[in-house]
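Quick notes on the structure that follows.
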Amino acid sequence: MKTLSRFAMLALVASLAACSVLESDKIDYKSAGKAPTLEVPPDLTQLSRENRYAVPGNAVSANAYQAGVANAPGVPTAVANLGDVRMERSGTQRWIVVNRSPEQLWDPIKDFWQESGFLLTTEQRNLGIMETDWAENRAKLPQDVIRGTLGKLVDAIYSTGELDRFRTRIERGANGSTEIFVSHRGMQEVYTNTRQDQTVWQPRPSDPELETEFLRRLMVKLGVSQEQSKLIAQASAPAQTARVSNVGGQPVVQINESFDRAWRRVGLALDRTGFTVEDRDRAAGVYFVRYVPPNPDKKEPGFFAKMFSGSGKTEAPLKFRILVKGQGETSTVSVQNDSGAAETSANAQRIVQVIADDLK
């Protein structure tokens with residue numbers, strides 16, 4: 001809970017701020033290890049697909065990002081290479097492919113997150129998953145006269161009202177290569193009453209540009225220069241390749257891409273939108289996930305909040321299988337129940353819509 005005196009100080013600081021977050025061009029999570037622990041339900045899902053906020057960082061400012069998109073050729077997927085590292089992109093999703101084994105990359109990736117100021121709360125080598133703790137981007141704080149003068153003394157009462165965490169998924173690819181995916185989840189602190197003396201934490205949209213920036217920085221960690229990584233990160237254009245359909249009475253997502261690419265993109269979509277992926281079987285094309293069904297008696301803002309329980313008491317999670325089937329240059333994504341039978345319920349319809357929205 002924030003105090004009134006704290007809000008008064010923050011209001012004064014904001015009024016004296018001399019530059020915006022975009023002008024600061026910084027990402028600084030170095031204080032992450034000292035941040036208070038944020039308790040969030042394990043199946044918390046992003047509540048919106050809208051990207052209403054700006055992300056700092058030289059490679060991903062709004063103008064630079066739009067310019068890169070506008071000047072890129074209109075192709076479904078673009079690939080940029082440098083040495084044994086390349087970045088691939090489809091739609092708003094990007095990932096890195098490295099010609100090294102997962103065993104060779106695990107420790108460097110772990111070091112990367114720790115050097116970036118994060119604590120790791122999840123390290124599952126058998127699943128190729130590591131996840132950071134919730135952390136605050138201190139670069140979003142105004143760099144004004146008060147903060148510059150009083151320094152760390154004032155830092156103790158400053159807050160952006162936003163927290164971020166990142167999940168890294170490492171998958172073994174073809175010919176000894178490794179595919180690396182980074183997904184972002186965000187929270188924001190909002191008032192709960194008109195007096196503005198009580199707050200709660202609520203999900204905010206995942207940020208593809210912030211994911212790209214950390215992928216770019218990871219490329220630098222793996223041997224790519226700063227200048228080259230920026231060019232690679234701006235080298236490709238989005239494409240709309242997914243749509244919701246109905247096949248034999250079952251809701252599905254149809255993707256205009258081969259199985260390998262569809263598998264990668266669906267996995268990243270599940271990470272982004274907060275599903276709990278318990279296991280995966282690439283050979284069978286199956287992700288084993290947990291899903292929290294909506295609570296009709298609970299009022300939540302936003303479209304996704306009406307579909308997923310976000311805070312407080314939640315319903316027991318249900319287990320589903322997300323099946324990806326490829327045929328040539330197209331793929332179909334469907335939902336199965338825990339036993340592997342086709343699922344046609346309202347939950348299945350919601351799940352395929354969430355996936356399709358992320359893939360667009």
Side-chain angles (χ1 to χ4, degrees), residues 42-43 45 76-77 88 90-91 93 95-98 101-103 105-106 122-131 167-183 241-293 317-345 347-359:
D43 292 283
T45 301
T77 304
E88 297 194 13
S90 188
Q93 298 178 332
W95 60 94
I96 295 174
V97 181
V98 186
S101 69
E103 291 77 13
L105 291 169
W106 181 270
T122 300
E123 296 181 54
Q124 295 178 291
R125 281 180 178 263
N126 59 322
L127 295 179
I129 291 175
M130 62 178 72
E131 191 167 41
R167 170 178 288 192
T168 305
R169 183 161 49 87
I170 305 166
E171 288 204 12
R172 196 179 305 273
N175 302 318
S177 66
T178 299
E179 298 162 357
I180 305 170
F181 306 82
V182 172
S183 57
T241 59
R243 65 187 184 278
V244 175
S245 184
N246 191 288
V247 176
Q250 183 181 18
V252 299
V253 182
Q254 294 184 329
I255 308 174
N256 298 329
E257 292 181 315
S258 65
F259 170 81
D260 285 342
R261 192 168 298 278
W263 171 263
R264 300 180 187 112
R265 297 190 64 201
V266 170
L268 184 52
L270 294 173
D271 288 340
R272 273 183 175 177
T273 49
F275 287 87
T276 300
V277 179
E278 295 184 323
D279 203 353
R280 60 182 182 268
D281 183 345
R282 184 165 181 160
V286 176
Y287 288 96
F288 300 85
V289 304
R290 284 190 286 124
Y291 164 78
V292 178
L318 303 176
K319 292 188 177 184
F320 292 99
R321 302 181 186 186
I322 308 301
L323 176 65
V324 183
K325 294 182 66 175
Q327 186 173 3
E329 293 304 310
T330 62
S331 298
T332 301
V333 183
S334 59
V335 182
Q336 299 177 335
N337 63 23
D338 192 30
S339 300
E343 183 73 27
T344 59
S345 65
N347 282 337
Q349 181 67 49
R350 295 185 183 102
I351 291 171
V352 297
Q353 187 65 61
V354 169
I355 294 172
D357 287 346
D358 192 87
L359 295 177

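Computed from heavy atoms alone, side chains included, the values below leave out hydrogens, waters and symmetry copies. All figures in this text were calculated on a predicted structure; none of them were measured in a lab.
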### Task
Mind checking the CG-OG spacing from L323 to S334? Nearest 0.5 Å is all I need.
4.0 Å
### Query
Is Y287 reaching over with its side chain to a backbone N or O of W263, donor-acceptor style, under 3.5 angstrom?
yes
### Task
Determine whether Q93 and F181 make a side-chain contact, defined as any pair of heavy atoms from C-beta on separated by less than 4.5 Å.
no
### Query
Is the count of non-hydrogen atoms from other residues, nucleotides or ligands lying under 6.0 Å from N126 atom CG greater than 12?
yes
### Task
Specify the closest pair of heavy atoms between G326 and S331, including all atoms of both residues, with the distance to one decimal.
CA-OG, 3.7 Å
### Task
Under the side chain to side chain contact (heavy atoms under 4.5 Å, CB included) rule, what do V266 and V253 come out as? Steps first, then yes or no, please.
CA-CA 10 Å; V266 170; V253 182; over 6 Å; no
### Task
Evaluate the side-chain proximity of V324 to R264: yes if any heavy-atom separation is below 4.5 Å, no if none is.
no
### Task
Please name the pair of heavy atoms, one in N337 and one in F320, separated by the smallest distance, quoted to 0.1 Å.
CA-CD2, 4.2 Å
### Task
Would you name the heavy atoms of A356 and V244 that are closest together and state the gap between them?
CB-CG2, 3.5 Å
### Query
Can you tell me how far the CG atom of D357 sits from the OG1 atom of T273, to the nearest 0.5 Å?
10.0 Å
### Task
Measure the spacing between CG of L270 and CD1 of I322 and express it to the nearest 0.5 Å.
6.0 Å
### Message
Taking the side chain as everything from C-beta on, heavy atoms only, tell me whether I170 gets closer than 4.5 Å to R125.
### Response
no
### Query
Is any side-chain heavy atom of V97 less than 4.5 Å from a side-chain heavy atom of E179?
yes
### Query
Does the side chain of N246 come within less than 4.5 Å of V252's, by heavy atoms?
no
### Query
Does the side chain to side chain contact (heavy atoms under 4.5 Å, CB included) test come out yes or no for M130 and W106, once each step is laid out?
CA-CA 9 Å; M130 62 178 72; W106 181 270; 3.6 Å; yes
### Task
Identify the heavy atoms of P251 and Q349 that sit nearest to each other, and give their distance.
CB-OE1, 3.2 Å
### Message
Would the distance check show the side chain of R321 and the main-chain N or O of D338 forming a donor-acceptor pair, the cut-off being under 3.5 Å?
### Response
yes
### Task
Would you check if T330 and Q254 make a side-chain contact, meaning some heavy-atom pair closer than 4.5 Å?
no
#### Entry: F275 and Y291 aromatic ring geometry - parallel, tilted or perpendicular at 30°/60° bounds
parallel
#### Entry: Value rounded to 0.5 Å, distance of CZ in F259 from CD in E329
13.5 Å
#### Entry: salt bridge (Lys or Arg N to Asp or Glu O under 4.0 Å) between R172 and E103, intermediate numbers included
CA-CA 10 Å; R172 196 179 305 273; E103 291 77 13; 2.8 Å; yes
### Query
Hey, which of D279, V277, V335 is the one that makes side chain to side chain contact (heavy atoms under 4.5 Å, CB included) with V289?
V277
### Task
Flag yes if more than 12 heavy atoms outside Q124 fall under 6.0 Å of its CD atom; otherwise flag no.
yes
### Query
Say you draw a straight line from CG of L268 to CZ of R167; how long is it, rounded to the nearest 0.5 Å?
11.0 Å
### Whether E343 side chain and A348 backbone form a donor-acceptor pair below 3.5 Å
no
### Query
When rounded to the nearest 0.5 angstrom, what distance separates CZ in R265 from CZ in R272?
9.0 Å
